[in-house]
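When a residue number appears, it is its place in the shown sequence, counting from 1.
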Amino acid sequence: MARPHVVVVGAYGSAGVAAAEELAAADVELTLVDDGEPGGGLCILRGCMPSKEVLSAAAHRYQARHDDRLVGDLPDVDLSAVVERKDDNVLGYAEHRRGAVHDLAEREHVTFHHETAEFVGDRVLDVGGERIEADYVVLATGSRLNVPDLPGIDDVDWMGSRDVLDATEFPDSGVVMGFGYVGLELVPYLTEAAGMDITVVEHDDRPLDDYHPSFGEELLKLYREAFGVEIRTEVREERVEAMEDGVSVHLDDGSVAEGDQLFLFTGREPSFPDGIERTALSPKTGWVGDTMQADDDDRVFVVGDAVGDRMLLHTAKEEGYLAGRNVGHLEAGEPLEEYNPLPHKVMFSGAGVYPFASLGLTADEARAEGHEVVTARRDASDDGVFRAKVASRGTARLVVDADDGTVLGYHGLHYDADAMAKTMQVILEAEMDVRELPDRAYHPTTPEILDGLFQETAGQL
């Protein structure tokens, strides 16, 4: 009996390589395809890893600027050195990723094509001029920048996040469209490391509007006071105009935001191979089920950014592994696994000095799922460790089931929130009772904010 033929398109990315690893160990004929140059995946080359590299420089300068124990002239950031170090490290990570994929291709029944894939029919692909008919296809083709459809946008020389990460010089001022996770991470880099005057266009009354208002309000205060950012809220762009010495963005309240450079941090949209219209696939919101199968073709699995939801490194990898396993389950006639991840997001806002971490449910989400909840809030200014580190901005909230004390969610915007997330992930995944935690949940970097939240919620139960 012939082995089923599985094609993974986008094998260099986090989701694609996870699926490839799972399938390479299975009894399948596996074809891996990726045209990346040099290849390594979005997160490694243009996403979370290079952004943390450059943010670290801004973080050091910010902390030097805000610690009155340090004296002398404030140093400038050498952008050429920042980008050189970023490139050295990132290219090393990417080389490791490529090596892992190429090692898989050394196995029997595994083939790698460094080519572009194009659909010519249902699960039929043209790969570098070769026609490949597959029993199963795994689409791990990532995402691309969502460029707003605005009058004048094509006449403006805008920069996206990948351009910012590679730039070694910037003009004096800029206008930012998009104040989601990418904008919140890169705006402090532009002001702190590049020394720019930045105006942000924010559609809502605050960022992070899916969360408790305290987080968005804290971010507005932080960015305005600590980074000198002008943030115009509750306005939308109507048109963009190129000027001789910069750009102007005309807003729906009649005002104009002007700067030397336009930055688009306007989110991402899924990317697919050409020819998808020749297939039964019809990408849209909610078109991929919990088994990672496309609604239109149950032999096509979609993982990572191509799903159009979550767009996070850790979920992409988990989706890839699950899709690989489910190909085997489907082929064997076995029940398929469903993906139901713990909501887990970390954003390196405030130049990475004040990251935002969200795990589990918000209070509103918990109530929508039928929980009676108790909540607690603790501000970083109440934490002695944060005061000692001259990093006492921010706040944290805990969501707990009122009936059994189970911790349902933790959301924090404060120093070391990213490190705290690891502790909280263990607590949430174990469905621990908050009343059992205060005496043994000591965290070496941020003890008071955790224990204070645990004790406050336990006292309400």
Side-chain angles (χ1 to χ4, degrees), residues 3-24 26 28-36 41-43 113 115-127 131-144 146 267-341 343:
R3 295 182 177 87
H5 188 183
V6 186
V7 176
V8 177
V9 185
Y12 278 149
S14 298
V17 74
E21 288 174 352
E22 192 72 38
L23 290 162
V28 301
E29 190 77 27
L30 180 61
T31 298
L32 308 177
V33 183
D34 201 302
D35 62 357
L42 173 67
C43 187
H113 295 270
E115 301 282 357
T116 300
E118 179 180 348
F119 278 113
V120 296
D122 287 326
R123 300 187 302 283
V124 182
L125 295 147
D126 181 289
V127 178
R131 181 185 176 94
I132 297 178
E133 298 185 12
D135 297 296
Y136 302 90
V137 172
V138 178
L139 287 180
T141 42
S143 60
R144 60 192 174 201
N146 175 37
R268 303 190 65 80
E269 58 185 14
S271 178
F272 302 106
D274 288 343
I276 196 167
E277 70 279 358
R278 304 184 189 119
T279 73
L281 302 174
S282 181
K284 55 188 177 297
T285 302
W287 73 297
V288 180
D290 291 340
T291 58
M292 309 317 301
Q293 293 168 287
D295 289 345
D296 308 302
D297 187 337
D298 66 2
R299 288 176 175 260
V300 174
F301 292 79
V302 187
V303 292
D305 283 8
V307 176
D309 188 22
R310 294 184 284 261
M311 293 193 177
L312 300 167
L313 168 64
H314 59 278
T315 55
K317 294 173 68 174
E318 291 166 359
E319 290 168 358
Y321 285 124
L322 185 140
R325 294 194 299 272
N326 274 347
V327 168
H329 294 324
L330 186 61
E331 185 68 14
E334 300 169 348
L336 272 61
E337 301 175 45
E338 294 187 351
Y339 187 51
N340 184 28

Rounded to the nearest 0.5 Å, how far apart are CG of Leu322 and OG1 of Thr315? 12.0 Å
Identify the heavy atoms of [X] and [Y] that sit nearest to each other, and give their distance.
X: Leu313; Y: Cys43; answer: CD2-SG, 3.9 Å
X: Asp295; Y: Gly289; answer: OD1-N, 4.1 Å
X: Tyr12; Y: Gly36; answer: CE1-O, 4.0 Å
X: Val7; Y: Ala134; answer: CG2-CB, 3.6 Å
X: Ala20; Y: Leu30; answer: O-CD2, 3.8 Å
X: Glu331; Y: Arg299; answer: OE1-NH1, 4.3 Å

Would Glu338 and Thr291 count as a side-chain contact (heavy atoms from CB on, under 4.5 Å) if you check the C-alpha gap in whole Å, the side-chain angles of each, and the deciding distance to 0.1 Å? CA-CA 5 Å; Glu338 294 187 351; Thr291 58; 4.0 Å; yes
Do Arg123 and Glu133 sit within salt-bridge range, that is, some charged N less than 4.0 Å from a carboxylate O? no
So does [Y] get a backbone contact from the side chain of [X], meaning a donor-acceptor N/O pair under 3.5 Å?
X: Asp296; Y: Ser282; result: yes
X: Asp126; Y: Glu118; result: no
X: Glu334; Y: His329; result: no
X: Asp122; Y: Ala280; result: yes
X: Asp135; Y: Pro4; result: no
X: Thr141; Y: Ser271; result: yes
X: Asp305; Y: Pro270; result: no

Residue pairs passing the salt bridge (Lys or Arg N to Asp or Glu O under 4.0 Å) test with at least one member in residues 310-328, sequence neighbours excluded, are Arg310-Glu319, Arg325-Glu337
Please step through side-chain contact (heavy atoms from CB on, under 4.5 Å) for the pair Tyr339 and Val307, ending with a clear verdict. CA-CA 13 Å; Tyr339 187 51; Val307 176; over 6 Å; no
Go through the structure and list residues passing side chain to side chain contact (heavy atoms under 4.5 Å, CB included) with Pro283, not counting sequence neighbours. Phe272, Ile276, Trp287
Under a 4.5 Å cut-off applied to non-hydrogen side-chain atoms, are [X] and [Y] in contact?
X: Leu139; Y: Leu281; value: yes
X: Leu23; Y: Val138; value: yes
X: Gln293; Y: Asn326; value: no
X: Tyr136; Y: Val28; value: no
X: Ile132; Y: His113; value: yes

Enumerate the ring-ring contact (aromatic ring centres under 6.0 Å, His included) contacts for residues 298-326, please, sequence neighbours excluded, ordered by first and then second residue. His314-His344
Would you tell me whether Glu29 and His5 have side-chain atoms, one donor and one acceptor, within less than 3.5 Å of each other? no
Quick one: do Asn340 and Asp290 satisfy side-chain contact (heavy atoms from CB on, under 4.5 Å)? Show the steps, please. CA-CA 7 Å; Asn340 184 28; Asp290 291 340; over 6 Å; no
